[in-house]
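Here is the naming used below: chain letters follow the sequence lines, and residue numbers restart at 1 for every chain.
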2 protein chains.
Amino acid sequence: MTKSKKTYHHGDLRNSLIVAAEQLLEQKGVAALSLREVAKVAGVSHTAPYRHFEDKNALLVGLAVVGYGRLADEMETCVNDQPDDPSKQLSSSLHAYIALARKHPQMTNLIFGGVLKNLCYEGDLAVESERAFNGLLRIILNGQEAGLYIEKETKELALLVWSIAHGFSMLITAGQMGELSDDEKATQMMVSNMGEMIINGIGHKNHNS
Amino acid sequence: MTKSKKTYHHGDLRNSLIVAAEQLLEQKGVAALSLREVAKVAGVSHTAPYRHFEDKNALLVGLAVVGYGRLADEMETCVNDQPDDPSKQLSSSLHAYIALARKHPQMTNLIFGGVLKNLCYEGDLAVESERAFNGLLRIILNGQEAGLYIEKETKELALLVWSIAHGFSMLITAGQMGELSDDEKATQMMVSNMGEMIINGIGHKNHNS
DNA sequence: ACCTGAACACCGTTCAAGT
DNA sequence: ACCTGAACACCGTTCAAGT
């Protein structure tokens, strides 16, 4: 019933290749992802991908753009869904970041694990990266304008928050968090606690300044 | 003059392979690291490594153990070098973590980028991982005993600090920090600021509780 | 324009054979 | 014990050829 799959010319091969690649990625990991197998899953010869991607690396970048785009979408949703509650924007962005990484661990590794040839962080990938970070920036700025956060440079606060969300995500993805990795509930609890600690700090407040 | 290099039996091939592997790793990245080339650099046939490592993955794990060991050493040094100043222990551990990642970006990718078969986070690698985290735990505990930090569970504070150090490191390594990646001085400034924000929080302190 | 099949250099891994 | 060389299945990439 779909309009593809009948013609000799595939029609939407570029996209089919990315879909197939993601399927294999989450199945077997970044290291075991081969261009030839992607082509086989997509139902074409192993040289067909070169019509749509210069390289294996170019396909991986294309796939990473999709993944990073999802992250950017999540960040924007956090801003738009609770436009009047900057505090909730921040906590939901933390939860969303980590939930997405937990849902697509291999995609997280692909984007941030250093497999992509570094030069390719220009172009579409850089666009999505900025879009995601701009979401975070806006969340912090909203909070600052509401008088919730200190007046330090917005970018510095955003980088701190990003580092926390990213670090926690990568540690879970890398299996460094022990039991926590598998425990959905405990993870969310931990994320909530971290959100609180970012706001209040871990220092004791018995100074009288 | 060295005692190796003369006998037919290499003597310390296991170690030579790891040294060669690290050299190639930082040179060409995780994705382009091949077992055959490692063997060639070490000066042996391409099947010789199988006497010392079950697998290509096993060699990578062996290499990662070395890298993770360095991180653990750094954390322990931070504790031992300033035994009476928990505050300095914390800030120096942050700086050390990020400096090491900046110095060995590809090693950081190897350890945390999801290339290693996950099951291998048992054994020696788990030992070094615990050693590093224990350093952080002790640093936080020292601060709590000195009355510097809140009385929340030590492990939670340590995980927060670890996430920040790790996230910032990975973002730099992945080229996500723009100009900052190359600017040594600006990076250190940013790390110092993050250290301060962890202690004091980013929330405005105009509540009168 | 889009796809294929043969070809090339390289890879990880196995195994019988050498010292 | 430790290392080698041939062999196998797989990989990324190129290219002349097909529709």
Side-chain angles (χ1 to χ4, degrees), chain A residues 2-21 23-25 27-64 106 110 114-120, chain B residues 2-21 23-25 27-64 106 110 114-120:
Chain A
T2 55
K3 76 159 76 167
S4 58
K5 250 190 174 182
K6 285 214 154 173
T7 56
Y8 171 74
H9 289 76
H10 192 287
D12 194 17
L13 181 54
R14 201 198 117 97
N15 202 58
S16 300
L17 286 169
I18 287 189
V19 169
Q23 182 189 317
L24 285 171
L25 173 69
Q27 218 171 91
K28 336 183 41 167
V30 206
L33 185 65
S34 91
L35 192 55
R36 286 171 105 110
E37 205 175 359
V38 170
K40 188 185 287 181
V41 170
V44 295
S45 83
H46 66 271
T47 58
Y50 287 90
R51 289 296 123 196
H52 300 274
F53 299 98
E54 200 192 334
D55 236 6
K56 181 188 180 186
N57 187 66
L59 196 174
L60 294 182
V61 169
L63 182 52
Q106 299 295 351
L110 172 65
V115 180
L116 268 28
K117 295 219 177 76
N118 283 340
L119 275 301
C120 296
Chain B
T2 55
K3 78 159 76 166
S4 59
K5 248 188 176 182
K6 284 212 156 178
T7 56
Y8 172 75
H9 289 75
H10 193 288
D12 194 19
L13 181 54
R14 202 199 117 97
N15 203 59
S16 299
L17 286 168
I18 288 189
V19 170
Q23 181 189 318
L24 286 171
L25 173 68
Q27 216 171 94
K28 337 184 36 168
V30 205
L33 186 65
S34 91
L35 193 54
R36 287 171 102 111
E37 205 175 359
V38 169
K40 188 185 288 182
V41 170
V44 294
S45 83
H46 66 271
T47 58
Y50 288 90
R51 290 293 125 198
H52 300 274
F53 300 98
E54 201 192 334
D55 233 13
K56 181 187 180 185
N57 187 66
L59 197 175
L60 294 182
V61 169
L63 182 53
Q106 298 295 350
L110 171 65
V115 179
L116 268 27
K117 296 219 177 78
N118 283 339
L119 275 301
C120 296

Taking atom P of D/dA1 as reference, at what distance in whole Å does atom NE2 of B/His52 sit? 13 Å
Looking only at side-chain atoms of B/Ser45, point me to the closest of D/dT4, C/dC11, D/dG12. D/dT4
Rounded to the nearest Å, what distance is computed from the CZ atom of residue B/Arg36 to the C1' atom of nucleotide D/dT4? 12 Å
Please report the distance, rounded to the nearest Å, between NZ in A/Lys40 and P in D/dA9. 13 Å
B/His46 has its side chain closest, among D/dT13, C/dC11, D/dA7, to D/dA7
Shortest non-hydrogen pair, B/Leu110 vs B/Ala64, comes out as CD2-N, 4.0 Å
Under 4.0 Å between a side-chain N or O of A/Tyr50 and OP1 or OP2 of D/dT14? no
Search all heavy atoms of B/His46 against all heavy atoms of B/Ala39 and return the closest pair with its distance. CA-CB, 3.8 Å
For B/Lys56 and C/dC11, what is the distance between atoms NZ and C1' respectively, to the nearest whole Å? 8 Å
Contact summary for B/Leu17 and B/Val38, nearest pair of heavy atoms: O-CG1, 3.5 Å
Tell me which nucleotide among C/dA7, C/dC3, C/dC11 gets nearest to the side chain of A/Leu13. C/dC3
To the nearest Å, how far apart are A/Asn57 CG and D/dT13 P? 9 Å
Note: for B/Arg51 and B/Asp55 on DNA chain C, the residue whose nearest nucleotide lies more 5' is B/Asp55
Atom pair distance, as rounded to whole Å: CG in B/Leu17 and P in D/dC2: 13 Å
Atom CZ of B/Phe53 and atom P of C/dG12: how far apart are they, to the nearest Å? 14 Å
Could you state the CD-P distance from B/Glu37 to C/dC10, rounded to the nearest angstrom? 10 Å
Trace of the side chain to side chain contact (heavy atoms under 4.5 Å, CB included) decision for B/Tyr50 with B/Leu35: CA-CA 10 Å; B/Tyr50 288 90; B/Leu35 193 54; 3.5 Å; yes
Passes side chain to side chain contact (heavy atoms under 4.5 Å, CB included), A/Arg51 versus A/Leu13? Steps please. CA-CA 9 Å; A/Arg51 289 296 123 196; A/Leu13 181 54; 5.8 Å; no
Of the candidate nucleotides D/dT4, D/dA6, C/dG12, which contains the atom at the shortest distance from the side chain of B/Val44? D/dT4
Taking any heavy-atom pair under 4.0 Å as a contact, classify A/Thr47: base, sugar-phosphate, or nothing. base
Please determine whether side chain to side chain contact (heavy atoms under 4.5 Å, CB included) holds for the pair B/Phe53 and B/Leu63, giving the CA-CA distance in whole Å, both sets of side-chain angles, and the decisive distance to 0.1 Å. CA-CA 11 Å; B/Phe53 300 98; B/Leu63 182 53; over 6 Å; no
Reading DNA chain D 5' to 3', how would its secondary structure be written in dot-bracket notation, given Watson-Crick and G-U pairs with both distances under 3.5 Å, brackets [ ] for crossing pairs and | for partners on other strands? ||.|||||...|||||.||
Within the structure provided, determine whether A/Gln106 and A/Val30 are in side-chain contact (heavy-atom separation under 4.5 Å). yes
